[in-house]
Amino acid sequence: MIGTYVKPLKSQVPLSIQRLQHELNNSLVEFRNGLMASQGALSMNVWQKDREWIIRIELPGAELENIAIDVVDDRVKISAERQQSESDEGTVLKSERPFGRLNRELELPFKIDASQTAAVYERGILELKIVGLEEEGPQRIEVQSR
Amino acid sequence: MSDQTQITNTQSDRCCSTHEVPEATHRAATRPRTDIRETETGFLLQVDMPGIDESSAEITVEKNVLTIIGTAHLYQPEGFEKVYKESDQRHYERVFRLPEDVDSTALSASVKNGVLTVSIPKSKAALPVRVPINAGK
C-alpha cells in the first residue's frame, strides 16, 4: 500500500488539532512517497486550476484492464495490479520491480464530478483529469412575519 | 547516483556487484528498477522507465558495459499550479557490466507501457551443445 491517507477522528478533536493531524499525516505520506519515488518507485504529481485537477501517476507495466479508478464524493482511489512476467523461463538473477496490487488514495477539497473525470494511460503513466462539482452557495432563508 | 550492475552467469556471484562510476551528467538521475533473468540462450532485462518510448531511450554497449539512458519528456499542464510533487521529470540512467560470453552485437530491445525489455543473447561458444551418442559397435 502506497500513500494511504488515514482520516483523522473528526468527532472528538477540535478543528485546529484536526488540521494539524491532517498536515502532519500528509507530510509524512509525502516524505515517504518522495523517498520511494527517488528510488524509482511509483510517483505522483498533482496540478490544480480552480476546480480542475490533473493527477499523474507512474504505473509502468500495468495493463489497461488491471487499472481501476473509483470516485466516491471527494475521494479518488486508484488501484492497479501488476502481474509477474508471463514468462518464468530461466533463472531470476535480479528482482527489483514491484508486483501485485498497488493503491493510492486521494482526498480532494471538493466533491468530484465523476461524469467529467477522464483518465488516459500512456507509456506507463496514468493521467487523471478531475473536475469538482459546482459548489452550492449559501442559501438564505426568508423570515416570515406572523 | 550512477553505479554499475554486473550481469554474470557464474554460480558464485550471480548478480549485483556494484562499482562506482564517475557521474556522467549533472542532472539528477533515477536508477530504474530492473529484473534480470537468465535463460539457456541469453539474458533478459526488464527495466521500469515510465514516460519513455522508443525515441526517448538509448542503449549503448561499449566493450562489456551496457548503458541504458532515457528521459521522460512530460508536458507541464499550462495554466495549472503544481500542488503536489514527487518527481515530474525523469532522467533514467543505469549501467550494467555484461559477462564475457554474450554476443553484444546481437542485442535487441523493445518498450511497452514504460517497461524497457532488453534481450542479450549468449555467444555461440557459450550455448550448451548436445552431443549425439551413437550406439556402440
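Residue numbers begin at 1 in each chain, while the letters A, B, ... track the order of the sequences. Since the structure is predicted, the reported quantities are computational estimates derived from the model, not experimental observations.
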*Asks:* Chain A heavy atoms under 4.5 Å from B:Glu81: which part of the residue, side chain, backbone, both or neither?
*Replies:*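 Both the backbone and the side chain of B:Glu81 come within 4.5 Å of chain A.
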*Asks:* I need the contact set between residues 49-64 of chain B and chain A: heavy-atom distance under 4.5 Å, sorted by residue number.
*Replies:* B:Pro50, B:Gly51, B:Ile52, B:Asp53
*Asks:* Looking only at heavy atoms, what is the nearest atom pair of A:Lys49 and B:Gly79, with distance?
*Replies:* CD-O, 3.1 Å
*Asks:* Are B:Tyr92 and B:Ile69 connected into the same hydrophobic cluster when the rule is that any two of I, L, V, M, F, W, Y join if their side-chain heavy atoms are below 4.5 Å apart?
*Replies:*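 No, separate clusters.
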*Asks:* With heavy-atom distances below 4.5 Å as the criterion, would you say the side chains of B:Phe80 and A:Val46 are in contact?
*Replies:*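 Side chain of B:Phe80 against side chain of A:Val46, heavy atoms only: no contact under 4.5 Å found.
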*Asks:* When only heavy atoms count and the cut-off is under 4.5 Å, which of residues 107-116 of chain B reach chain A?
*Replies:* B:Lys112, B:Asn113, B:Gly114, B:Val115
*Asks:* Look up atom CZ in B:Phe43 and atom CG in A:Leu93, then write down how far apart they are to the nearest 0.5 Å.
*Replies:*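 Output value for this atom pair is 6.5 Å.
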*Asks:* Looking at every heavy atom in both B:Pro32 and A:Glu96, which two are closest together, and how far apart are they?
*Replies:* O-OE1, 4.0 Å
*Asks:* Transitively linked via ILVMFWY side-chain contacts under 4.5 Å: A:Val131 with A:Leu126?
*Replies:* no
*Asks:* So B:Phe96 and A:Lys94, do their side chains get closer than 4.5 Å, heavy atoms only?
*Replies:* no
*Asks:* Can you list everything that forms a side-chain contact (heavy atoms from CB on, under 4.5 Å) with A:Ala118? Sequence neighbours excluded, please.
*Replies:* none
*Asks:* Out of curiosity, B:Thr34 OG1 to A:Arg97 CZ, how far, rounded to the nearest 0.5 Å?
*Replies:*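 These two atoms lie 8.5 Å from each other.
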*Asks:* Should A:Pro60 and B:Arg33 count as side-chain neighbours, where that means a heavy-atom distance under 4.5 Å?
*Replies:*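 Contact flag for A:Pro60/B:Arg33 side chains = no.
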*Asks:* Mind checking the OH-CE spacing from B:Tyr84 to A:Met44? Nearest 0.5 Å is all I need.
*Replies:*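 Going from OH on B:Tyr84 over to CE on A:Met44, the span is 4.5 Å.
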*Asks:* So, taking the atom named CD in A:Glu127 and the one named CG in B:Leu74, what distance separates them when rounded to the nearest 0.5 Å?
*Replies:*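 Output value for this atom pair is 8.5 Å.
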*Asks:* So how far is it from B:Arg37 CZ to A:Thr91 OG1, rounded to the nearest 0.5 Å?
*Replies:* 8.5 Å
*Asks:* If you group Ile, Leu, Val, Met, Phe, Trp and Tyr by side-chain heavy-atom gaps below 4.5 Å, do A:Ile130 and A:Ile69 land in one group?
*Replies:* yes
*Asks:* Just wondering, do B:Glu78 and A:Trp47 contact through their side chains at under 4.5 Å, heavy atoms?
*Replies:* no
*Asks:* Tell me every residue that passes side-chain contact (heavy atoms from CB on, under 4.5 Å) with A:Lys129, counting only those two or more places apart in sequence or in another chain.
*Replies:*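 For A:Lys129 the side-chain contact (heavy atoms from CB on, under 4.5 Å) partners, ignoring immediate neighbours, are A:Glu52, A:Ile54.
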*Asks:* Atom CG in B:Asp48, atom CD in A:Glu58: separation rounded to 0.5 Å?
*Replies:* 9.0 Å
